[in-house]
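Since the structure comes first, as structure tokens, the remarks are kept for the end.
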Number of protein chains: 2
Amino acid sequence: MGAVTEGGDDLCGGDLGSHPVAGLTTVLQALADPVRLAIIRAVAAEPRTCGGFDVPVTKSTLSHHFRVLREAGIIEQRCEGTRKLTSVRRAELEAAYPGLLESILSAPVEEAAAR
Amino acid sequence: MGAVTEGGDDLCGGDLGSHPVAGLTTVLQALADPVRLAIIRAVAAEPRTCGGFDVPVTKSTLSHHFRVLREAGIIEQRCEGTRKLTSVRRAELEAAYPGLLESILSAPVEEAAAR
DNA sequence: GGTATTGTTCGATCGATATCGTACCAGCTA
DNA sequence: TAGCTGGTACGATATCGATCGAACAATACC
């Protein structure tokens, strides 16, 4: 079975989107962070690259958060030249935990709290 | 230094149920633990006391988890003699984050994983 | 009164993780 | 070719939190 046929250039399409949606605890843990929550809100509104966030962390920390979200099966990333386009895996998430993402995205945004 | 003299009528009625539902991050963090998830599932099915759980932790750890859930506004506890009856604050939670509790409770139960 | 039951609190331990800085790598672009 | 940009990898640090045991408190029961 073809792993990922992204239409030609699959230089990075290998394991970036192949993570299945993780267990409930893992997913909740991935969501239970203000930075990641901000990421998901922004990405859910419109897929974007790492540069498109205004969270007050360095890019290495941002990369770490992306990995956590990716490994929880919440987001997927697609190479776009030198950039990486991040998007929420709405369908898979909805299939695994119906209503969860919806209820979280529709919750009021908390003000950024130092942690 | 004795003479606390609290009168003895309502030792626990005060702040055990008065916590408002916390912010989304706090609530998700409170939910993102297998032990607490098990507690909530059990309590949601039927309010019960601390002894009514089969989680593999000591009672002090259990007490800690109850405090976290209580302070997140997810559960409330009522004194019942020497016992404490715990129940989920469904209405308040539903008002704060519609659909959240529902989606979590209806998710498949993960097998207990060592953490 | 004395004992058992139920639960909290405190101190200690120990693993998880959020964060940063630096180095590094892969594509663009001049 | 070199430089620039977006992103990852790795090591170090520091804080958070889950866990336990022991001590304590309050009520029920004999």
Side-chain angles (χ1 to χ4, degrees), chain A residues 8-17 22 25-26 28-39 43 47-53 55-72 75-86 112-115, chain B residues 1-16 22 25-26 28-39 43 47-53 55-72 75-86 112-115:
Chain A
D9 55 323
D10 54 338
L11 296 169
C12 56
D15 62 335
L16 291 184
T25 303
T26 302
L28 288 176
Q29 219 154 33
L31 295 171
D33 182 282
V35 175
R36 290 196 286 265
L37 218 44
I39 290 174
V43 166
R48 65 191 72 190
T49 63
C50 278
F53 303 97
V55 287
V57 292
T58 63
K59 59 178 186 173
S60 52
T61 302
L62 208 49
S63 192
H64 159 70
H65 286 306
F66 276 121
R67 184 213 297 259
V68 173
L69 290 171
R70 225 166 43 220
E71 290 181 354
I75 64 170
E76 63 188 354
Q77 294 178 303
R78 229 191 68 234
C79 275
E80 186 97 356
T82 76
R83 319 227 171 115
K84 227 165 220 176
L85 201 67
T86 303
R115 198 209 165 219
Chain B
M1 181 164 180
V4 180
T5 66
E6 63 273 350
D9 49 348
D10 58 343
L11 294 167
C12 54
D15 61 336
L16 292 184
T25 303
T26 302
L28 288 177
Q29 218 153 34
L31 295 171
D33 183 281
V35 173
R36 291 197 286 265
L37 219 42
I39 291 175
V43 166
R48 65 191 69 191
T49 62
C50 278
F53 302 97
V55 287
V57 293
T58 63
K59 60 178 184 172
S60 53
T61 302
L62 209 50
S63 192
H64 159 70
H65 286 306
F66 276 120
R67 183 213 298 259
V68 173
L69 290 171
R70 222 167 45 220
E71 291 182 352
I75 62 170
E76 63 188 355
Q77 294 180 299
R78 230 192 66 236
C79 275
E80 185 97 354
T82 75
R83 321 228 171 117
K84 227 165 217 177
L85 202 68
T86 302
R115 190 194 175 237

_Length of the line joining B:Lys84:NZ and D:dA28:C1', which is rounded to integer Å_ = 16 Å
*asked:* Restricting to side-chain contact (heavy atoms from CB on, under 4.5 Å), what partner residues turn up for A:Ser60, sequence neighbours left out?
replied: A:Thr58
Listing time: all N or O pairs from protein to nucleotides 9-11 of chain C that are below 3.5 Å?
residue : atom : partner : partner atom : Å
C:dT9   : OP2  : B:Arg67 : NH2          : 3.2

*Whole-Å gap separating P (D:dG21) and CG (B:Leu62)*: 14 Å
_Value in whole Å for how far the P atom of C:dC28 lies from CD of A:Glu80_ = 10 Å
*Sequence neighbours excluded, which residues qualify as side-chain contact (heavy atoms from CB on, under 4.5 Å) partners of A:Ser63?*
none
*Note, B:Thr86 side chain near B:Thr49 side chain (heavy atom, < 4.5 Å)*: no
*Of the listed nucleotides D:dT27, D:dC20, C:dG27, the one nearest the side chain of B:Thr58*: D:dC20
*Tell me: CZ of A:Arg83 to C1' of C:dC25, nearest whole Å?*
17 Å
_Is A:Gln77 close enough to D:dT8 that one of its side-chain N or O atoms is under 4.0 Å from OP1 or OP2 there?_
yes
*Using the test side-chain contact (heavy atoms from CB on, under 4.5 Å), find all partners of A:Thr82 that sit at least two apart in sequence or belong to another chain.*
none
*From B:Arg83, B:Lys84, B:Arg78, residue fulfilling salt bridge (charged side-chain N to carboxylate O under 4.0 Å, His left out) relative to B:Glu80*: B:Arg78
*Round to a whole Å and report the spacing from CG of B:Leu69 to P of D:dG17.*
14 Å
*Starting at CG of A:Asp33 and ending at C1' of C:dT19, how long is that distance when rounded to a whole Å?*
11 Å
*Within this structure, what is the NE2-to-C1' distance between A:His65 and C:dC20, rounded to whole angstrom?*
12 Å
*side chain to side chain donor-acceptor pair (under 3.5 Å) involving B:Thr25 - partner list, sequence neighbours excluded*: A:Glu110
*Do any side-chain nitrogens or oxygens of A:Arg36 fall under 4.0 Å of OP1 or OP2 in C:dA18?*
yes
*In whole angstroms, how far is the C1' atom of D:dT5 from the CG atom of A:Leu85?*
16 Å
_Using heavy-atom distances to pick each residue's nearest nucleotide on DNA chain D, tell me which of B:Thr82 and B:Val57 is more 5'._
B:Val57
*Which residues share a side-chain contact (heavy atoms from CB on, under 4.5 Å) with B:Val35, sequence neighbours left out*: B:Asp33, B:Ile39, B:Val55, B:Val57, B:His65
